[in-house]
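We count ligands from 1, going down the list as the structure has it; atoms in each ligand are counted the same way.
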Amino acid sequence: MKRLSKIILASTLLTATMAFAKDAPKDPTVIARVELMKIVGMNTKVLGDMASGKAAFDAAAAATAKAQLVAATAEIAAKFEVQATDPVSEAKPEIWANWDDFVAKAGAANAAATALDASTLDSVKAGMAGIGGACKACHTAYRL
Ligand code: HEC
């Protein structure tokens, strides 16, 4: 019985590993930029959940999320500068054909994050529109 459950566990882990290997990028440059976008996404979610009422407003958590979002969006251009491809990447080649525009859109996201006032629920709500618009502007143009 113990042995059987070990076998089941081992095969479950193997399946999980295979699924991960199939979906995750392998190119180190692509991994780094996807990791950066995940940080951008996580911190935007913290603020967005407070703005929508899904999470209670927490001024300290909002300030931390804002600071991390400002720092992460400031790194977008550097993390995307080298054109790298990966079968699972969602980055369009247009990024490097329109590099100045991509950098401008990264700058707009950083400016929107910087402009967000994290001190009250109302100011977070007010700031989220600009941030969401900046994410969307770049994703619409440059993400599959
Ligand atoms: C200047 C362009 C740009 C801006 C601004 C931008 N993104 Fe992205 N984002 C991308 C690109 C390109 C990808 C696809 C990267 C890849 O797959 O190689 C991406 C991917 C993502 C992903 C998927 C990561 C994964 O797990 O594969 C998330 C989540 C994300 N962005 C969230 C955000 C949020 C939230 C914002 C706004 C705060 C934002 N992004 C702003 C260009 C941008």
Side-chain angles (χ1 to χ4, degrees), residues 5-144:
S5 58
K6 265 192 190 159
I7 291 169
I8 292 169
L9 179 67
S11 63
T12 309
L13 284 176
L14 185 65
T15 313
T17 312
M18 281 162 63
F20 181 75
K22 190 173 162 253
D23 297 332
K26 293 188 185 64
D27 182 279
T29 304
V30 176
I31 290 171
R33 74 187 183 214
V34 167
E35 287 307 313
L36 179 70
M37 272 303 151
K38 281 186 178 157
I39 293 169
V40 169
M42 271 161 22
N43 289 292
T44 303
K45 187 177 181 322
V46 169
L47 295 166
D49 283 354
M50 287 183 204
S52 70
K54 210 170 153 191
F57 178 71
D58 174 338
T64 302
K66 176 201 162 156
Q68 289 183 358
L69 190 58
V70 170
T73 50
E75 280 185 55
I76 294 175
K79 288 278 197 262
F80 279 82
E81 195 166 11
V82 174
Q83 179 166 12
T85 50
D86 189 284
V88 299
S89 172
E90 296 175 338
K92 287 190 191 171
E94 282 82 349
I95 292 171
W96 297 279
N98 303 280
W99 180 247
D100 290 351
D101 182 56
F102 183 84
V103 172
K105 285 181 164 57
N110 182 254
T114 305
L116 180 127
D117 172 359
S119 62
T120 70
L121 176 58
D122 280 345
S123 65
V124 168
K125 280 183 183 168
M128 281 315 287
I131 290 176
C135 313
K136 192 160 179 271
C138 189
H139 288 173
T140 302
Y142 299 118
R143 185 183 174 193
L144 293 174

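Excluding waters, the set of protein N, O or S atoms lying under 2.8 Å from atom 8 (Fe) of ligand 1 comprises M37 SD, H139 NE2.
Donor-acceptor pairing under 3.5 Å is lacking for the side chains of D122 and T120.
Taking every non-hydrogen atom of Y142 and a distance limit under 4.0 Å, the qualifying atoms of ligand 1 come out as 12 (C). Each of the following atoms of ligand 1 lies closer than 4.0 Å to a heavy atom of I131: 38 (C). Of all atoms in ligand 1, listed by their number and element, those nearer than 4.0 Å to a heavy atom of A134 are 5 (C). Close approach to A106 involves these atoms of ligand 1, each under 4.0 Å from a residue heavy atom: 1 (C). Listed by atom number, the atoms of ligand 1 under 4.0 Å from I95 heavy atoms are 12 (C). Set against the non-hydrogen atoms of S89, the atoms of ligand 1 under 4.0 Å away are 16 (C), 17 (O), 18 (O). Close approach to A109 involves these atoms of ligand 1, each under 4.0 Å from a residue heavy atom: 5 (C). Within ligand 1, the atoms closer than 4.0 Å to a non-hydrogen atom of T44 are 35 (C), 38 (C), numbered from 1 in the order shown.
Protein heavy atom closest to atom 17 (O) of ligand 1, with residue, atom name and distance, is E90 N, 2.7 Å. In terms of protein heavy atoms, atom 25 (C) of ligand 1 is closest to V34 CG1, 3.5 Å. In this structure, the protein non-hydrogen atom closest to atom 26 (O) of ligand 1 is K38 CE, 3.1 Å. For atom 11 (C) of ligand 1, the closest non-hydrogen atom of the protein is F80 CZ, 3.8 Å.
In this structure, the side chain of K66 engages the main chain of L116 through a donor-acceptor pair within 3.5 Å. In terms of modelled atom types and a separation under 3.5 Å, the side chain of T140 and the main chain of K136 share a donor-acceptor contact. The backbone N or O of A134 sits nowhere less than 3.5 Å from a side-chain atom of K105 that would complete a donor-acceptor pair. At least one donor-acceptor pair closer than 3.5 Å links the side chain of W96 to the backbone N or O of F80. In this structure, the side chain of D27 engages the main chain of V30 through a donor-acceptor pair within 3.5 Å. Side chain of N110 to backbone of V70: a donor-acceptor contact under 3.5 angstrom is found.
Between Y142 and F102, the ring planes lie perpendicular to each other; the angle is over 60°, past the 30° to 60° tilted range.
Taking 4.5 Å as the limit, every side-chain heavy atom of M128 sits out of range of all side-chain heavy atoms of S52. Side-chain contact between L36 and I76 is present, with at least one heavy-atom pair separated by less than 4.5 Å. Looking at K45 and K54, their side chains come closer than 4.5 Å, going by heavy atoms from C-beta outward. The shortest side-chain heavy-atom distance between R33 and P25 does not fall under the 4.5 Å cut-off.
Only the side chain of R33 comes within 4.0 Å of ligand 1, judged by heavy-atom distances.
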